[in-house]
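Data block below; observations after.
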Amino acid sequence: MDLTNLNKDRKQRRRSSIDLSTMVYGKVPPQAKDLEEAVLGAIMLEKTAFDVAVEILKAECFYVDAHQRIYRAMLSLQQKSQPIDILTVVEELRSKEELEMVGGPYYVTRLTNSVVSSANIEAHAKIILQKFIQRELIRISGEIISDAYEDSADVFDLLDEAEAKLFEITNNHMKKNYDSIDTVLVQTVQRIEDMRHRTEDITGVPSGFPSLDKVTYGWQNSDLIILAARPAVGKTAFALNLARNAALNTVRPTPIVFFSLEMSSAQLVTRILSAESEVWLEKISRGKMEDYEMKQLYAKGIQKLAQAPIFIDDTAALNVFELRAKCRRLKTKHNIGLIIIDYLQLMSGAGNGKNTNREQEISTISRNLKMLAKELMTPIIALSQLSRAVETRKDGNKMPQLSDLRESGAIEQDADMVMFIYRPEYYDITSNEMGESNKGETHVRIAKHRNGSLETIRLKAQLHIQKFVEFEGDDFSGLGMPGGGSWKPVPDGGAGAGGDDGARLYIQAGSKMNDMPYGDDDEAPF
């Protein structure tokens with residue numbers, strides 16, 4: 001037997017020998033026996049009462065063991081579409097050989113004696129639920145206290161186990177009730193009125209790319225967005241651009257958290273600095289910068305980013321429970337408006353993974369991410385790898401498809417939006433059908449969009465500074481884009497055109513990067 005199983009056996013023996021939930025300060029566990037009897041009696045008297053109780057209570061919510069067995073018998077009758085009354089409940093208990101365990105037919109009949117009507121059954125059921133939650137909190141606290149005294153206990157495992165158990169109580173017993181359409185209509189009309197009076201079209205978190213926001217109207221609350229591409233295409237660089245654009249947006253700055261399971265926080269910050277200051281990433285990484293570049297790094301990068309509401313977590317092998325707990329705390333403390341995860345396939349599920357395959361684990365992760373986005377009312381952008389099917393496609397079309405999502409079709413099902421990044425030069429395609437150079441040309445293809453159209457957005461990748469800009473040379477200076485200034489095309493053959501064969505490049509006016517060469521031999525392959 002290994003050490004892990006040995007510790008589990010010790011915990012189980014210790015918990016079975018000492019029930020701390022019934023011994024804390026010599027107090028009797030919270031309970032409401034009279035209300036339990038009243039609820040069970042009301043169910044057997046009025047057929048509509050069970051529909052009310054079943055939405056609130058589970059069998060384990062009852063404190064008395066006999067009441068749990070009677071309620072399970074009622075659940076069994078309901079599943080068989082049989083009526084629930086004194087006679088049917090007695091017969092169901094008799095068929096399960098549990099009638100004598102609950103006190104016989106007399107006890108079942110006695111439950112209805114003190115009940116006049118089921119008018120207050122909902123209030124009674126909620127009190128029973130509250131007592132059960134109190135007992136569960138006492139039990140969980142007792143187990144945590146007992147485990148914490150063990151010298152062999154790993155404190156981080158204890159924290160994870162405690163958070164998981166507390167979340168289980170919330171998830172299983174604190175469910176949101178349904179809303180009537182008149183209530184929802186009031187909220188919907190109010191939201192429509194708010195949007196009508198807005199001066200800008202963006203209703204969610206802005207991406208910083210007007211052509212993309214024109215399709216998405218910004219990242220919408222409760223949406224799970226999957227951003228997928230093959231390795232080294234630029235997923236992380238693009239995701240960092242989205243994070244930076246949201247946090248530094250001059251119209252609507254949004255606090256964001258970036259979970260990186262692949263790169264360190266220092267590497268990510270270096271990339272963000274390169275994009276914001278427009279100093280080459282290779283030069284920053286090696287510390288080989290001229291004096292004016294160092295001044296540019298401080299003036300345009302460090303000073304601006306120091307105040308940005310960006311939070312970075314580079315915990316390796318992050319599991320979905322830890323992610324959920326961290327996001328809740330960040331939402332409460334900093335009102336996080338966007339969550340980015342790099343990347344989904346590096347996450348682990350909440351379990352030990354022994355009884356599940358990787359596809360099931362990824363399905364669980366994607367489903368939990370969608371639930372988290374809905375719970376926090378915050379958009380989540382999760383990066384994802386693509387399978388090698390893209391490379392082996394015989395028709396020559398390398399544009400990713402939904403079927404290329406790696407390891408699980410559940411990702412496609414759970415996502416509200418799926419975007420693919422495709423760069424022709426990644427596959428050594430150096431010119432378009434017109435013979436023009438397509439260096440840096442990047443296609444962001446929206447392949448699934450629950451609330452909008454499917455489009456392909458063209459951007460320009462400047463990976464030497466880890467930056468993406470609009471492909472067309474329109475002036476977007478009034479749209480709250482970070483960095484200020486305006487985007488303008490570099491004339492063919494002009495300064496900065498280099499050996500790009502007339503490719504249209506767009507750089508920020510007034511930048512020192514305007515004076516630097518931008519040829520094929522100068523761009524660092526990041």
Let me see the working for Lys33 and Glu36 under salt bridge (Lys or Arg N to Asp or Glu O under 4.0 Å), right down to the final yes or no. CA-CA 5 Å; Lys33 293 183 181 179; Glu36 290 181 10; over 6 Å; no
Could you walk me through whether Gln385 and Lys235 pass the side chain to side chain contact (heavy atoms under 4.5 Å, CB included) test, one step at a time? CA-CA 9 Å; Gln385 291 279 24; Lys235 291 190 302 297; 3.4 Å; yes
Start with the C-alpha distance between Phe420 and Val444, add both sets of side-chain angles, then the distance that settles side chain to side chain contact (heavy atoms under 4.5 Å, CB included), and finish with yes or no. CA-CA 6 Å; Phe420 296 116; Val444 179; over 6 Å; no
Worked check of side chain to side chain contact (heavy atoms under 4.5 Å, CB included) between Ile421 and Arg230: CA-CA 8 Å; Ile421 301 178; Arg230 289 292 293 151; over 6 Å; no
Run the side chain to side chain contact (heavy atoms under 4.5 Å, CB included) test on Ile43 and Ile121 for me, step by step, so that the C-alpha distance in whole Å, both residues' side-chain angles and the decisive distance to 0.1 Å come before the verdict. CA-CA 9 Å; Ile43 292 173; Ile121 187 172; 4.1 Å; yes
Determine, step by step, whether Thr88 and Asp85 satisfy the side-chain hydrogen bond (donor to acceptor under 3.5 Å, both in side chains) criterion, reporting the C-alpha distance in whole Å, the side-chain angles of both residues, the deciding distance to 0.1 Å, and the verdict. CA-CA 6 Å; Thr88 56; Asp85 55 32; 3.0 Å; yes
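Residue pairs meeting the salt bridge (charged side-chain N to carboxylate O under 4.0 Å, His left out) criterion with at least one partner in residues 327-347, sequence neighbours excluded, are Glu163-Arg329, Arg328-Glu375. Sorted by first and then second residue, the salt bridge (charged side-chain N to carboxylate O under 4.0 Å, His left out) pairs with a member in residues 207-223 form an empty list; sequence neighbours excluded.
Qualifying ring pair (Phe, Tyr, Trp, His ring centres under 6.0 Å) partners for Tyr217, counting only residues two or more places apart in sequence or in other chains: none. With sequence neighbours left out, Tyr71 forms a ring pair (Phe, Tyr, Trp, His ring centres under 6.0 Å) with Phe62. Residues satisfying the side chain to side chain donor-acceptor pair (under 3.5 Å) test with Glu37, not counting sequence neighbours, are none. For Asn241, the side chain to side chain donor-acceptor pair (under 3.5 Å) test picks out no residue, with sequence neighbours left out. Lys370 pairs by the salt bridge (charged side-chain N to carboxylate O under 4.0 Å, His left out) definition with Asp416, not counting sequence neighbours. Looking at residues two or more places apart in sequence or on another chain, you find a salt bridge (charged side-chain N to carboxylate O under 4.0 Å, His left out) between Arg69 and Asp65, Glu98. Listed by chain and residue number, Arg94 satisfy the salt bridge (charged side-chain N to carboxylate O under 4.0 Å, His left out) test with Glu91 (two or more places apart in sequence, or in another chain). Residues satisfying the ring pair (Phe, Tyr, Trp, His ring centres under 6.0 Å) criterion with Phe238, sequence neighbours excluded, are Phe209, Phe468. Applying the side chain to side chain donor-acceptor pair (under 3.5 Å) criterion to Ser453, with sequence neighbours excluded, gives Glu455. With sequence neighbours left out, the salt bridge (charged side-chain N to carboxylate O under 4.0 Å, His left out) criterion links Lys96 to Glu92.
Residues Leu75 and Phe50 are in side-chain contact: their nearest non-hydrogen atoms beyond the backbone lie under 4.5 Å apart. Residues His67 and Val102 have side chains not in contact (no heavy-atom distance under 4.5 Å, counting atoms from C-beta outward). With contacts defined as side-chain heavy-atom distances shorter than 4.5 Å, the pair Leu268/Leu240 qualifies. Between Ile380 and Ile341, some side-chain heavy-atom pair lies under the 4.5 Å cut-off. Side-chain contact between Leu369 and Leu323 is present, with at least one heavy-atom pair separated by less than 4.5 Å. Here the side chains of Ile339 and Leu330 are not in contact, with every heavy-atom distance at 4.5 Å or above. Contact annotation: the side chain of Val54 never approaches that of Gln78 to less than 4.5 Å [non-hydrogen atoms, C-beta and beyond]. Looking at heavy atoms from C-beta onward, Leu57 lies in side-chain contact with Val39 at the 4.5 angstrom threshold.
Distance alone, capped at 3.5 Å, places no donor-acceptor pair between the Glu97 side chain and the Ser95 backbone. Put simply, the side chain of Thr109 gets close to the backbone of Pro105: a donor and an acceptor are under 3.5 Å apart. Here the side chain of Ser264 pairs a donor or acceptor atom with the backbone of Gln267 at under 3.5 angstrom. Checked by atom type and distance alone, the side chain of Gln31 pairs as donor or acceptor with a backbone atom of Pro29 at under 3.5 Å.
The shortest heavy-atom contact between Ile340 and Ala239 is CD1-O, 3.7 Å. Counting all heavy atoms, side chain and backbone alike, Ala247 lies closest to Pro253 at O-CB, 3.6 Å. Scanning both residues, His449 and Leu454, for their nearest heavy atoms gives N-CD2, 3.5 Å. Among all heavy-atom pairs drawn from Thr254 and Gly337, the shortest one is CG2-CA, 3.6 Å. Of all the heavy atoms in Asn245 and Ser207, the pair that sits closest is ND2-O, 3.0 Å. The heavy-atom pair separating Pro30 from Arg135 by the smallest distance is O-NH1, 2.9 Å.
The CG atom of Leu137 sits 9.5 Å away from atom CZ of Phe132, with the distance rounded to the nearest 0.5 Å. Remark: Thr378 OG1 to Leu224 CG distance equals 12.5 Å, nearest 0.5 Å. Atom SG in Cys327 sits 10.0 Å away from atom CZ in Arg324 (nearest 0.5 Å). With values rounded to the nearest 0.5 angstrom, Gln68 atom CD is found 10.5 Å from Tyr63 atom OH. The line from CD1 of Ile256 to CG of Leu248 is 9.5 Å long, rounded to the nearest 0.5 Å. Rounding to the nearest 0.5 angstrom, the gap separating the CG atom in Leu383 from the CG atom in Leu346 is 10.5 Å.
For NZ of Lys374, the number of neighbouring non-hydrogen atoms (other residues, nucleotides, ligands) closer than 6.0 Å is 12 at most.
No option in Val418, Leu212, Thr456 other than Leu212 meets the side-chain contact (heavy atoms from CB on, under 4.5 Å) test with Ile446.
Defined by atom type and a distance below 3.5 Å, a donor-acceptor pair is present between the side-chain atoms of Thr315 and Lys326.
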